[in-house]
Amino acid sequence: MSRYNFKSVETKWQNYWEKNKSFKVQTDPSKKKFYCLEMFPYPSGKIHMGHVRNYTIGDVLARYKSLQGYNVLHPMGWDSFGMPAENAAKQNNLDPKKWTQTNILNMKTQLKKLGLSIDWDREISTCNKDYYKHQQAFFLELFEKKLVYRKENYVNWDPVDETVLANEQVIDGKGWRSGAAVERKKLSQWFFNISKFSQELLDGLEKLNDWPNKVKIMQKNWIGKSFGSEINFKIVGDLPIENIKCFTTRPDTLFGFSFLALSIDHEISKFYRNNKDFLSFKDECSKTGTTEEAIAVGEKIGFKTNLEAVNPLNPKQKVPVYFANFVLMDYGFGAVFGCPAHDQRDFDFAKKYNLEIKTVVRPNDKDENFKVLNEAYPGPGVLINSDFLNGLKAPENSILETIEILEKKKLGKRQINFRLKDWGVSRQRYWGCPIPIAYDEKGKAYPIPKSMLPVELPENIDLNVKGNPLDSQDDWRKINVDGKKLLRETDTLDTFVCSSWYYLRFCSPTETEYGFKKKDIDYWMPVDQYIGGVEHAILHLLYSRFFMQALSHDNNNFDILEPFNGLFTQGMVCHETYKDSDENWISPDEIESINGKKYLKKDKSKLISVGPSESMSKSKKNTIDPENIIADYGADSARLFILSDSPPEKDVQWSEEGIVSSFKFIQKLWKLNQKVVNEINKDHKTDFDDEILKYTNKYLKKVHDNLESFSYNKIIANLYEMYSFLNKQIEKNYTKHTLVENYQKILIAMTPILPHFANECLSITKAKNLKWPKYDVSILKKEIVNVVIQINGKKRGLVQTKPDIDEEKLIEIIKNDEKIMKYFAQKEIKRKIYIKDKLLNIIL
RNA sequence: GCCCUCGUGGUGAAAUUGGUAGACACAAAGGACUUAAAAUCCUUGCCGCUUGCGGAGUGCCAGUUCGAGUCUGGCCGAGGGCACCA
């Protein structure tokens, strides 16, 4: 028997698919479509195991749907703008474009070796002007719809590198490269008005039945809707201020009012801009305000003003007004009504500044004398000490009643607030999509006419300058629009903008007039199944959903509100970690095991300790290079193993033993294939013909069910079982015709997982008509059932019998079974529970 | 602090509507074949006593039920998300 030569077989089929353009698809409304999309990669230069897992899962689905007769769109592209290219270019004095293009070429070669069923004719790359030209047009479209605007906003500023840092580049309040203390700096930036669609984005989640609940909840929390009331507080004091507006979810606790707190950026702060004490307070706030930890453990501090606020429901009561570090300017009105007894944060603040803590809600199981002492009571109960509000049920009745009173007295009104903030899209970087805007001397912004798009990135420029390299491109910046001399915007767009609409572009990848053709997206959209990492649960997925809202806003020609009908988030690929005695991380290929227990460095110099399995990362050196795996074991082995051990939504642990055993299993399947092919022809039908037919039916049903529910790990288990069944039964007397016919169905069902191997075997067995094999429900009916016999709920025996057996007959049978009868020993049967063909429980 | 998810052998995991717990693998141990090794195949979850049988067993404690990994309540533990959101 020959050995399976994966190298020649995999190359053969990859060449065949490429030459025949097997996965090329076209818009064709006469066919039912399926759009299968995996999140496109950043072209870092090499694929990693996470890609292998992501794209294998998607490929299984795409191939399955394709065999089922769907017109399957399964494209691939590159999220090719972004910082790594700029950083690599800076370090090695390269051109980011060339660096990116080389990486794309490498990764494309690697992906092709995985045997993915991708329509490569639709390949796109977001850093190509053919792509970002349309993105600039979308920007202008949103600009016209007033969904884009400019405002001043704080950024993380590195004063040494003179550059803006992303949050993840700020480590312990310092710049990741320069180590300089990061400052809060105000810059004028472009924003997408995503918050305009807060309610729509929230409502849309309800309809996404094929999204993981977890992701929907995360988005819901992120959008953060809350219901309450806007209250207008009268202010007394020596400043020309009459009112301050607050938002509160608990207007019903107004009688517990004891201070009013303002954000340091509140408009009232302008009266204090020359106040030294206030300025130093502000300084202190911005010091603690940068890192998340500081916020978490941060003390609540305040700056007392000379102002007082009047309680609208109790005009006799006046309380002090503070600036406080915990009040955010961009939520509500940047002002908080403080009720210490029923809000922990207000409670902490009141304790620190010795403010009154007046209890106005008692828990249902406490009486009128209940007093808040050591911590705030935010729970339900009954209003007390609240004059005309006393006795109301909190919170359900009391909030609405209080709002009605406030509305009647014109002191406030009901209000809904969202936490979702507008999306800042400006990046002070070179390697991104230029923003199609220019300014006159006064700083007024003008859109660049669509006829002048794309605004191309200048090439061959010096990146080793401080700040944004585009700032110093004087020639590039100058532009003449309708006779006006303008200067271009030098900020580029956040790369999340690129990924917010790429799935539309895949539908019309070569369209030149606009980002897509209507007839293409009408046919292909929405994406039927989107597959990717859960780390994009909020930003990327929410931005994409927003983009659909924005495009359809004031536009009768576009009605896609949800881009992704189904979403699947796969788990990560993990590997054991290794350290030597000096606590240095050691890579798996520097290690060998002895008896599977001790680990040594290969040069035998050091003993290695084995750490927990963690997601593969370069810093922990526990990565495995897919290229080596494919070279050593083949793509099918890699696909088989990455699917086999864990359900796709959970983390999977990569191991050398695992990939080796997958490799061996394919060799076994190869031997089985040869046995089938070499089987001599027997022309008389035997009992075993029926057996293999029934088995195949059962098998196909399992595979079908498991494919539908993304239980790909179980399909691999089914495959192992199928092997051991066929391998044992093949010695028996089948007619060859029956054997081969059923075996070919099994092979077709194998092609999504092992495309090269299964197609090779199908070709050897001269299979025709490769359609997804349907199982026959009528053959599935069992002819023998196992009925469990329980005595007092414990399993005591098993009866094999024909289906539809009745209780009496079953009892006749077990009367002959000594093992079961010994439990009866002179006891009376009190009760019997019989579940047909499944279980008989006898209570003695 | 708030929200979500999950706890099953040495390990990754299976177990349609409550109905044979541990399918399928990995590891380890033992065995078969072999002059030997490799490869291959077989056996083995735990605790008892001799094959066989019995007992306990799905994080812990209760409850519902003839019957609970699965349902309910409480507790413990792990992972993930959010971070002063008024």
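Heavy atoms only: backbone and side chains are in, while hydrogens, waters and symmetry mates are out. Every chain is numbered from 1, with letters handed out A, B, ... down the list of sequences.
- Closest to the side chain of A:Arg345, out of B:A83, B:C3, B:C84, is B:C84.
- One can place OH of A:Tyr322 at 18 Å from C1' of B:C84, the figure rounded to the nearest angstrom.
- No side-chain heavy atom of A:Val660 sits less than 4.5 Å from a side-chain heavy atom of A:Phe641.
- Comparing B:G74 with B:C84, their P atoms sit 30 Å apart, to the nearest whole Å.
- With rounding to whole Å, A:Trp654 atom CH2 is found 15 Å from B:A25 atom C1'.
- Here, B:U8 and B:U43 have their C1' atoms 23 Å apart, quoted to the whole Å.
- At the heavy-atom level, A:Asp348 lies nowhere under 4.0 Å from the strands shown.
- Summarising the geometry, atom OG belonging to A:Ser258 is positioned 5.5 Å from atom CG belonging to A:Leu355; distances are rounded to the nearest 0.5 Å.
- The glycosidic torsion of B:G12 lies more than 90° away from 0, placing the base in the anti range.
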- Query: In dot-bracket notation, what is the pairing pattern of RNA chain B, taking Watson-Crick (N1-N3 plus N6-O4 or O6-N4) and G-U wobble (N1-O2 and O6-N3) contacts under 3.5 Å, with [ ] crossing and | for other strands?
  - Reply: (((((((..(((......[....))).(((((.......))))).((((..))))...(((((..]....))))))))))))....

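- Comparing the P positions of B:C82 and B:G18 gives an interatomic distance of 36 Å, to the nearest angstrom.
- Spacing between B:C47 and B:G57 at atom P, rounded to whole Å, works out to 16 Å.
- In this structure, A:Tyr699 has its ring center at least 6.0 angstrom away from the ring center of A:Phe725.
- A straight line from NZ of A:Lys714 to P of B:A15 spans 4 Å, rounded to a whole angstrom.
- Distances from the side chain of A:Asn221 to the nucleotides B:C3, B:A86, B:U20 place B:C3 closest.
- Counting only heavy atoms from C-beta outward, the side chains of A:Phe259 and A:Tyr353 never approach each other to under 4.5 Å.
- B:A78 and B:G67 have their C1' atoms separated by 31 Å, given to the nearest Å.
- Remark: the A:Ser226 side chain and the A:Asn417 side chain contain no N/O donor-acceptor pair separated by less than 3.5 Å.
- Within the 4.0 angstrom heavy-atom criterion, no nucleotide atom of any strand lies near A:Gln344.
- Relative to the side chain of A:Asn713, the nucleotides B:A14, B:A23, B:C85 differ in distance, and B:A14 lies closest.
- Rounded to whole Å, the separation between the C1' atoms of B:G59 and B:G77 comes to 7 Å.
- Among the nucleotides B:A56, B:C24, B:C84, the one closest to the side chain of A:Tyr720 is B:C24.
- Contact annotation for A:Leu328: base contact, defined as any heavy-atom pair under 4.0 Å involving a base atom.
- Between A:Leu201 and A:Ile194, the closest side-chain pair of non-hydrogen atoms falls below 4.5 Å.
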- Query: Hey, mind stepping through A:Ser195 and A:Asp422 against side-chain hydrogen bond (donor to acceptor under 3.5 Å, both in side chains) and telling me if it holds?
  - Reply: CA-CA 5 Å; A:Ser195 63; A:Asp422 279 343; 2.7 Å; yes

Between the protein and nucleotides 38-46 of chain B, which nitrogen or oxygen pairs are less than 3.5 angstrom apart?
from	atom 1	to	atom 2	distance (Å)
B:C41	OP1	A:Lys668	NZ	3.1

Between the protein and nucleotides 72-80 of chain B, are there any N/O to N/O pairs under 3.5 Å, and if so, what are the atom names and distances?
none

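- Ring-plane geometry between A:Phe710 and A:Phe568 is classed as parallel, the angle between the planes falling under 30 degrees on a 0 to 90 degree scale with a further cut at 60.
- The salt bridge (charged side-chain N to carboxylate O under 4.0 Å, His left out) search around A:Lys358 returns none, not counting sequence neighbours.
- Side-chain proximity of A:Ile217 to the nucleotides B:C3, B:C84, B:C24 is greatest for B:C3.
- Residue side chain A:Arg250 does not reach the base of B:A86 through any donor-acceptor N/O pair under 3.5 Å, judged by distance alone.
- Residue A:Ser655 has no polar side-chain atom (N or O) positioned under 4.0 Å from OP1 or OP2 of B:A27.
- For the pair A:Lys794 NZ and B:C53 C1', the interatomic distance rounds to 14 Å; values are reported in whole Å.
- Set against B:A25, B:G19, B:A86, the side chain of A:Lys838 has B:G19 as its closest nucleotide.
- Look at CG on A:Leu839: it is 18 Å from P on B:U65, rounded to the nearest Å.
- A:Gln790 places its CD atom 10 Å from the P atom of B:G67, with the value rounded to the nearest Å.
- A:Lys832 comes within contact range of no nucleotide atom at all, as no heavy-atom separation falls under 4.0 Å.
- A:Ile753 has its side chain within reach of A:Ile715: a pair of non-hydrogen atoms, C-beta onward, lies under 4.5 Å apart.
- Under the 3.5 Å distance criterion, with hydrogens and angles disregarded, a donor-acceptor pair is assigned to the side chains of A:Asn727 and A:Lys675.
- Close placement of the A:Phe257 and A:Phe233 rings is indicated, their centers lying within 6.0 Å of each other.
- When the nucleotides B:C85, B:U20, B:A86 are ranked by their closest atom to the side chain of A:Val336, B:A86 comes out on top.
- Interface remark: the A:Lys300 side chain does form a donor-acceptor pair with the B:C84 base, using a distance-only criterion of under 3.5 Å.
- Positionally, the nearest nucleotide of RNA chain B for A:Ile716 lies more toward the 5' end than for the other of A:Ile716 and A:Phe247.
- Inter-residue side-chain proximity for A:Ile811 and A:Leu840 is flagged as met; some heavy-atom pair is nearer than 4.5 Å.
- Aromatic ring centroids of A:Phe281 and A:Phe323 lie 6.0 Å or more apart.
- What separates CZ of A:Phe641 from P of B:G12 is a distance of 13 Å, to the nearest Å.
- If you find the closest nucleotide of RNA chain B to A:Asn841 and to A:Tyr331, the one lying nearer the 5' end belongs to A:Asn841.
- Taking 4.0 Å as the cut-off between side-chain N and carboxylate O, A:Asp348 and A:Lys352 do not count as a salt-bridged pair.
- The side chain of A:Arg831 sits closest to B:C66 out of B:C66, B:A13, B:G81.
- Contacts between residues 642-650 of chain A and RNA chain B, defined by a heavy-atom separation under 4.0 Å, are made by A:Asp645, A:Ser646, A:Pro647, A:Lys650.
- Using atom P as the reference point in both B:G31 and B:G81, the two lie 49 Å apart (nearest Å).
- For residues 324-344 of chain A, the salt bridge (Lys or Arg N to Asp or Glu O under 4.0 Å) pairs, not counting sequence neighbours, are A:Asp343-A:Arg345.
- At a threshold of 4.5 Å between non-hydrogen side-chain atoms, the residues A:Phe255 and A:Leu383 do not count as touching.
- No side-chain heavy atom of A:Lys216 sits less than 4.5 Å from a side-chain heavy atom of A:Lys220.
- In this structure, of B:G19, B:G12, B:A27, it is B:G12 that holds the atom nearest to the side chain of A:Gln653.
- For the C1' atoms, the distance linking B:A39 with B:C33 amounts to 11 Å, nearest Å.
- Rounded to an integer number of Å, the gap from CZ of A:Phe257 to P of B:A86 is 17 Å.
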